[in-house]
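Naming: A, B, ... by sequence-line order, numbering from 1 per chain.
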Amino acid sequence: MYAVIVGCGQLGAELASRLYRAGHEVAIVDQTPAAFQTLDPAFRGRIVEGDVLSQDVQRRAEFQRADAVAAVTNVDTVNAVIAHVARMRYRVDKVVARNYDPRILTLHETFGHTVVASTVWGARNFEELLSRPAGGAAQPLFVTPDGSVAVHAVGIPAGWDGRPLEQLLAGLEVSAVSLTRGARSLLPAAGAPLATGDIVHLSATRTGIEALRGRLAERSASCSS
Amino acid sequence: MFVLIAGGGRTASELGRFLVDQKHEAHLIEDRPEVLARLHRELPTEAIHVGSAIDAVLLEHAGIRKCDVLAACLPRDADNLALCYLARSRFAVPRTIACINNPYNAWLFDEAFHVDVALNQSSILATLIQEEMSLGDMMTLLKLRRGKFSFVEEKIPAGAPAVGRRISELPLPRNCVIAAVIRRGEIEIPRGDLALQEDDEVLAIVEAQAASELARLFS
């Protein structure tokens with residue numbers, strides 16, 4: 001795969017190095033020469049210096065034969081414009097834009113871009129780690145690119161033993177992904193009875209997972225009292 | 001007419017004042033504090049919206065849904081492109097006009113970003129300067145259709161090929177029409193039988209390529 005990375009900040013440099021190490025052909029574009037110092041010294045991909053909106057720079061970076069373009073500068077409009085040009089003018093197969101300022105996410109939605117909302121995604125991870133209950137569930141296993149939905153693993157306490165899964169999830173912004181009991185995992189039916197020590201994987205919004213944790217804690221408390 | 005202007009630089013605020021003077025409704029969006037300080041001295045407060053012009057919420061607040069024209073005059077080309085696209089796709093703005101800051105980016109300002117009209121400030125100025133250098137005394141009063149046609153004025157000096165000739169006899173270039181002749185401060189309607197005199201001021205509409213041909217007749 002030939003990938004063009006636009007923007008050589010920490011994110012762009014890391015992405016370029018990873019793709020290069022994975023054996024892909026990589027070009028990285030930035031208008032500030034000093035930006036390339038961030039690159040891994042082992043990076044042997046192409047370095048293109050210049051304003052990425054100019055046709056000449058796009059020619060030098062060979063957008064016309066790119067299989068993938070990642071627009072990861074810290075300016076949302078530049079990312080949105082480059083992603084649009086890559087998709088519409090060069091018909092690049094895989095195009096991803098970085099959303100830097102969360103207030104500008106609508107712009108990328110309007111263009112219909114595939115987006116990695118790096119700021120929201122990072123903040124969400126921090127939030128999860130900082131606000132997890134003591135001894136409770138750990139950080140999410142997966143967070144969607146826009147940071148709005150995450151997959152969590154949740155342990156079932158004694159208070160929910162024998163009760164159906166659907167009762168645990170009723171009315172919450174949560175969907176069950178899998179249920180693991182001992183060494184076996186399965187796709188859980190809504191009415192499946194839970195057992196103490198089950199691990200349920202769930203995809204949930206931020207409010208959903210919080211409400212669910214509240215529900216789990218409530219029943220274990222009432223049970224032990 | 002309701003015009004939304006993005007950016008509060010010199011061009012944008014000049015446009016804003018001009019529109020307000022002509023009793024149009026003009027609203028302006030700007031987020032740089034140093035620029036806002038100046039804007040508040042030049043325009044009524046209710047016409048100024050503080051924040052990013054790429055922010056859809058602020059655009060709605062500034063009235064983008066009812067605007068007839070959006071003028072994207074932001075200092076970054078990517079902002080102007082993204083804004084025109086947003087304005088048409090999301091808010092169905094009927095007409096978008098964008099300023100080009102860097103002439104190297106001019107190629108991107110087209111329908112792919114829903115830019116109806118793109119104005120390349122530096123190339124417009126450069127063209128005007130070049131014309132003033134080559135056309136001697138001919139003055140360009142107005143540019144029409146993005147510079148394809150010009151409205152020009154020329155004072156006829158003694159000994160010019162046009163002196164003493166009727167307009168109908170003049171070998172005028174194609175795509176050129178004489179709009180008026182000013183003689184001793186009075187306007188003469190330029191009919192074919194009007195003979196031109198020394199010191200007449202000729203007003204003409206001419207296609208850009210033919211301007212130098214016209215200039216030769218009157219110099």
Chain B contact via I104(A) - which portion, at a heavy-atom distance below 4.5 Å: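 Just the side chain, heavy atoms under 4.5 Å.
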Looking at D56(A), V85(A), V75(A), which has the largest count of heavy-atom pairs under 4.5 Å with chain B?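 Most heavy-atom pairs under 4.5 Å with chain B: V75(A).
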Pairing residues for D116(B) by the side-chain contact (heavy atoms from CB on, under 4.5 Å) criterion, not counting sequence neighbours: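 Testing D116(B) for side-chain contact (heavy atoms from CB on, under 4.5 Å), a comparison that skips the adjacent residues, returns R88(B), R95(B), T96(B).
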Of all residues at least two apart in sequence or in a different chain, which pass the salt bridge (Lys or Arg N to Asp or Glu O under 4.0 Å) check with E201(B)?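 If we apply the salt bridge (Lys or Arg N to Asp or Glu O under 4.0 Å) test to E201(B), skipping adjacent residues, there are no hits.
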Can you tell me which of A56(B), A112(B), A82(B), S52(B) forms the most heavy-atom pairs within a distance under 4.5 Å of chain A?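 Most heavy-atom pairs within the cutoff with chain A belong to A82(B).
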Walk me through whether R60(A) and E49(A) qualify under salt bridge (charged side-chain N to carboxylate O under 4.0 Å, His left out). CA-CA 9 Å; R60(A) 280 193 280 139; E49(A) 186 197 320; over 6 Å; no
Could you look at N80(B) and say if it's the side chain, the backbone, both or neither that has a heavy atom under 4.5 Å from chain A?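 Contact with chain A: none, neither part.
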Ring-face cation of R65(A) near Y2(A) (centre distance under 6.0 Å, axis angle within 45°):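 That pair qualifies as a cation-pi contact.
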